[in-house]
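For reference, the structure discussed in these notes is given below.
Chain identifiers are assigned alphabetically (A, B, ...) following the order of the sequence lines, protein sequences preceding nucleic acid strands; residue numbering begins at 1 within each chain.
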Amino acid sequence: MLDLKFIRENLEVLKNKLSKRNLEINLDHVIEIDQKRREIIQEVETLRNERNTVSEIIAAAKKEKKDASTEISRMKEVSQKIKGADTTREEIEATLRDLLLRIPNIPDETVKEGKDPSDNVEVKRWGEPPQFDFDPKPHWEIGEKLGILDFERGAKITGARFTLLKGAGALMERALINFMLDLHTREHTYQEVFPPILVNRTSMTGTGQLPKFEDDLFHLVDPDYFLIPTAEVPVTNIHQEEIIEGKNLPLYYTAYTPCFRKEAGAYGKDTRGIIRQHQFNKVELVKFTSPETSYQELEALLNNAEEVLKRLNLHYRVVSLCTGDLGFSAAKTYDIEVWLPSQKDYKEISSCSNFTDFQARRANIRYRSEPKSKPKFVHTLNGSGLAIGRTAVAIIENYQQKDGSVLVPEVLRAYMGGMTKIG
RNA sequence: GGAGAGAUGGCCGAGUAGGUCGAAGGCGCUCGCCUGCUAAGCGAGUGUAUGCCGAAAGGUGUACCGAGGGUUCGAAUCCCUCUCUCUCCGCCA
C-alpha cells in the first residue's frame, strides 16, 4: 500500500512511475474519493465537537438538578446527523481503502523499464552448463524410470499437478530442505521458524496477495483461512501490528514450508513434470530492515540464495526483472534461474525482492530508530532459498548419467545416508 | 466439542447504581535537584492516530479502555455478536 499523503502530494510523478508497470491504474479516482473523505470527516468532527460540548453542559445542569430538556432534544437531532454522516464516512473510507490496496508498489529507480520478461536484464552468470555425450532427458522421464517420481498416483490421490515422491526422491526432498536450512541458519545467521501454513485474510492482505489475487489461492470456507502460497506470508506477518526496537534490526528469518498455488491462468504451461505443482516445498528467506539498508540487504539475500546453487554446483544466471514483469508488491526483484539441460534454457528457481515499506504499511510493521523516536515503517524483503522441487529437478537433469542414474551432489550425500547415486 | 474466568496506557493494576475518565495508583522510562561513586530520596514529565492554527516551541479539535454493532442527549461502565487468552472436562497426532 502506498501512503495516501504521498499520493496526494506527488500525483504526477507517481502516475509516471506506475505507468511503467504493465497495467492500468486510475489515481485520479483515488484523489477524488480522498477529497470527499476529508470533507465528510470535517463535518462529522464538527458535529461531534458540538455534542461533546453540550453534553458537558447537560451533565453540569443535571448535577445542579436544573432542567436540560431543551439541550437534550437539540442533541437528539445532532446525534441523528452524526449517525448519518458517519455512515457516509464509513462507506467512503471502505471504498478508498479497497482502491489503495489494489495499487501496486512503485518500481525502484534502478529497475529497467520494460514490457515483459524479454526485457529483463541478465546481471550475472555462474558456472557452466554440463556437457553430455548423450541426449539429456527431461526429469520426468528419469524420475519415473528410477521410481522416485510417480505422477499417476499423485493424480489419483488428489488430481493434476500433484506428484507422489518415493524412495530416494522423497529422501532427496528432505535432504535438500535440511541442507538449505542448515546453510542459512549456521552460516548466514537466519533464525529458523516454522509458521502456520494456513493463514487468515488479514495476513494475506498484509503481504499483498489479497484483495487482488484471491483466485490464485486455495481457500478454506469454514473457517475463512487460506493455504499459504509462500512462507513469505506467515513469516512477514510475524511482526504484523508491531513496533520493533531499532537496535534489533535487521531481522533475518528462514522457514521451510509447503506452498500451495492454484496456478490459475497457467493452463498448458509446464504441464509435464514437477516444475509447476499445486503443492511444493520451499525454503524461504525473509528480512526486516531499516529503509536505509534495504537495498544492500537485498544484494546480500540474493547472495545467500545463490550460495545454495554454488554448493550444489548447478549452473545459473541472475536476472533483474523489468518494470512490466515486476510483482505487485515488489519495488525490485532478482530472479535466479537455474540451467535445465532438457530445455536448454534457464528456469526460475528463486525470486528475491525488496518490498520497501509497501507490505509494512499494509501489515503495520514499524520500528523506532531511537527508543523515543517516532515509529517508522520497516522495509521487508524475501527470497526463495530455494524452491525445493525445482532444485530437485535441476539435480536430476544436470547430474543424470548415460545409464539413467543420477549422481548425488557432494554436499547432499551426508544428508542422504551417504548415498552417492540414485539408480 | 462442553463448562467457567478474563481482555484497560511500555508493564502491573484501579475504575460496573452511565456524565467533568485518555482514564487513579504503582513500576518502568526521561529530565532536574540532592548525596564523595552506585543505590536510596525529592520535584517535574511520560500513549497512539489524525485534522486545523503556528516558522518553531506549542496550542486546539476528533477518535481510540480486545473487535464490531446496539441502547442513550451522553458508554471503559448497560445490551448483543465475534475474536483471543487462561482454567477444567471430553477428544486427538
Side-chain angles (χ1 to χ4, degrees), chain A residues 1-9 30-101 174 194-206 210 220-226 234 237-249 256-258 357 360-378:
Chain A
M1 191 159 68
L2 302 181
D3 181 21
L4 186 56
K5 208 165 167 185
F6 181 85
I7 298 176
R8 206 185 295 143
E9 289 166 5
V30 173
I31 295 292
E32 203 178 293
I33 303 277
D34 178 46
Q35 184 59 37
K36 276 196 207 159
R37 174 186 144 264
R38 281 139 59 85
E39 282 164 16
I40 194 87
I41 285 176
Q42 275 308 319
E43 191 183 327
V44 171
E45 291 195 351
T46 309
L47 287 168
R48 281 202 174 130
N49 184 16
E50 184 180 1
R51 188 177 71 186
N52 288 345
T53 315
V54 179
S55 273
E56 276 183 39
I57 296 171
I58 294 170
K62 288 257 174 176
K63 207 170 183 183
E64 292 169 33
K65 305 237 187 305
K66 282 198 228 152
D67 176 59
S69 53
T70 322
E71 280 81 6
I72 289 178
S73 61
R74 206 178 99 226
M75 283 308 103
K76 256 183 198 174
E77 271 176 52
V78 172
S79 276
Q80 278 311 310
K81 276 197 221 163
I82 292 176
K83 215 169 260 184
D86 217 31
T87 307
T88 312
R89 198 210 81 224
E90 276 165 23
E91 286 164 4
I92 291 173
E93 287 190 340
T95 309
L96 183 64
R97 181 170 167 77
D98 188 67
L99 284 172
L100 286 175
L101 286 174
R174 176 156 61 93
F194 193 85
I197 59 179
L198 290 178
V199 302
N200 59 33
R201 212 165 259 282
T202 305
S203 293
M204 279 295 183
T205 307
L210 290 180
L220 271 63
V221 173
D222 183 25
D224 184 29
Y225 291 159
F226 296 85
N237 278 287
I238 288 175
H239 295 295
Q240 178 199 118
E241 296 290 335
E242 288 185 15
I243 299 174
I244 301 166
E245 278 185 57
K247 67 169 164 46
N248 292 334
L249 292 180
Y256 151 71
T257 69
D357 61 0
R361 186 171 289 106
R362 289 173 160 244
N364 200 21
I365 308 168
R366 293 172 296 171
Y367 79 105
R368 249 187 261 275
S369 48
E370 300 299 325
K372 286 280 172 186
S373 62
K374 198 176 142 95
K376 289 195 292 184
F377 291 114
V378 299

Problem - Any A/Asn52 side-chain N or O less than 4.0 Å from OP1/OP2 of B/U62 - result: yes
Problem - Spacing of the P atoms in B/G66 and B/U77 (rounded, Å) - result: 8 Å
Exercise for the section: Report the base-pairing partner of B/U20 (Watson-Crick or G-U wobble, both distances below 3.5 angstrom), or none. Expected result: none
Practice task
Determine, for A/Glu50 against A/Arg74, whether the closest basic-nitrogen to carboxylate-oxygen distance falls under 4.0 angstrom.
Solution key: yes
Practice task
Please check the phosphate of B/G19 (OP1 and OP2 only) for any side-chain N or O of A/Lys62 closer than 4.0 Å.
Solution key: no
Exercise for the section: Check the distance between B/C73's P and A/Asn49's CG and give it to me in whole angstrom. Expected result: 20 Å
Handout entry: Atom-pair distance (CZ on A/Arg366; P on B/G47), nearest Å
Key = 15 Å
Exercise for the section: Using whole Å, report how far CD of A/Gln42 lies from C1' of B/U50. Expected result: 11 Å
Problem - Closest-nucleotide ordering on RNA chain B, the 5'-leading residue of A/Ala60 and A/Lys5 - result: A/Ala60
Exercise for the section: Go through B/U62, B/A49, B/G69 for me and flag the one nearest to the A/Pro375 side chain. Expected result: B/A49
Handout entry: Nucleotide forming a Watson-Crick or wobble pair with B/A5, both distances under 3.5 Å
Key = B/U85
Problem - Distance, C1' atom - from B/G26 to B/A17, rounded to whole angstrom - result: 29 Å
Handout entry: A/Arg48 side chain reached by A/Val44 side chain, heavy atoms, under 4.5 Å
Key = yes
Problem - For B/A57, the Watson-Crick or wobble counterpart (both distances under 3.5 Å) - result: none
Practice task
Under 4.0 Å between any heavy atoms, over every strand shown, what does A/Arg51 touch: base, sugar-phosphate, or nothing? Just pick one.
Solution key: sugar-phosphate
Practice task
Using the side-chain contact (heavy atoms from CB on, under 4.5 Å) rule, take A/Asp224 and A/Asn200 through it: C-alpha gap first, then chi angles, then the decisive distance, then the call.
Solution key: CA-CA 7 Å; A/Asp224 184 29; A/Asn200 59 33; over 6 Å; no
Problem - Complementary nucleotide of B/A76, counting Watson-Crick and G-U pairs under 3.5 Å - result: none
Fill in the blank from the handout: Comparing A/Glu45 with A/Arg37, nearest RNA chain B nucleotide closer to 5' gives the residue A/Arg37
Problem - Euclidean distance for P, B/G6 against B/C78 (whole angstrom) - result: 12 Å
Problem - Nearest-angstrom distance from the residue atom CG of A/Asn364 to P of B/U50 - result: 10 Å
Problem - B/A76 and B/G18, which share atom name C1', separated by this distance in whole Å - result: 11 Å
Practice task
Considering only atom C1', compute the distance from B/A14 to B/C65 and round it to an integer number of Å.
Solution key: 13 Å
Practice task
Report the distance from atom CD of A/Glu245 to atom C1' of B/C11, rounded to the nearest whole Å.
Solution key: 14 Å
Practice task
In whole angstrom, give me the gap between the C1' atoms of B/U87 and B/C33.
Solution key: 50 Å
Exercise for the section: With C1' as the reference atom in both, quote the distance from B/G43 to B/C34 in angstrom, rounded to an integer. Expected result: 11 Å
Practice task
Establish, with yes or no, whether the OP1 or OP2 oxygen of B/C73 is under 4.0 angstrom from a side-chain nitrogen or oxygen of A/Ser69.
Solution key: no
Handout entry: Base paired to B/C92 (Watson-Crick or G-U; both N/O distances under 3.5 angstrom)
Key = none
Handout entry: Watson-Crick or G-U wobble mate for B/G10, both contacts under 3.5 Å
Key = B/C27
Completion exercise
Re B/U48: Watson-Crick or G-U wobble partner, both distances kept under 3.5 Å, found to be B/A63
Exercise for the section: Considering only NZ, NE, NH1 and NH2 on the basic side and carboxylate oxygens on the acidic side, decide whether A/Glu9 and A/Lys5 come within less than 4.0 Å. Expected result: no
Fill in the blank from the handout: For A/Ile31 and A/Arg8 the tightest heavy-atom approach is CD1-CA, 3.7 Å
Problem - Separation of atom CD in A/Glu43 from atom C1' in B/C52, rounded to whole Å - result: 17 Å
Practice task
If B/U35 has a Watson-Crick or G-U wobble mate with both distances under 3.5 Å, name it; if not, just say none.
Solution key: none
Handout entry: d(CD1, A/Ile41; P, B/G61) in whole Å
Key = 18 Å
Problem - Between B/G70 (C1') and A/Lys83 (NZ): distance, integer Å - result: 8 Å
Exercise for the section: Let me see the working for A/Arg37 and A/Leu4 under side-chain contact (heavy atoms from CB on, under 4.5 Å), right down to the final yes or no. Expected result: CA-CA 12 Å; A/Arg37 174 186 144 264; A/Leu4 186 56; 3.6 Å; yes
Handout entry: Nearest-Å distance once atom P is located in both B/U30 and B/C84
Key = 38 Å
Handout entry: A/Glu77, CD: over 12 other non-hydrogen atoms inside 6.0 angstrom
Key = no
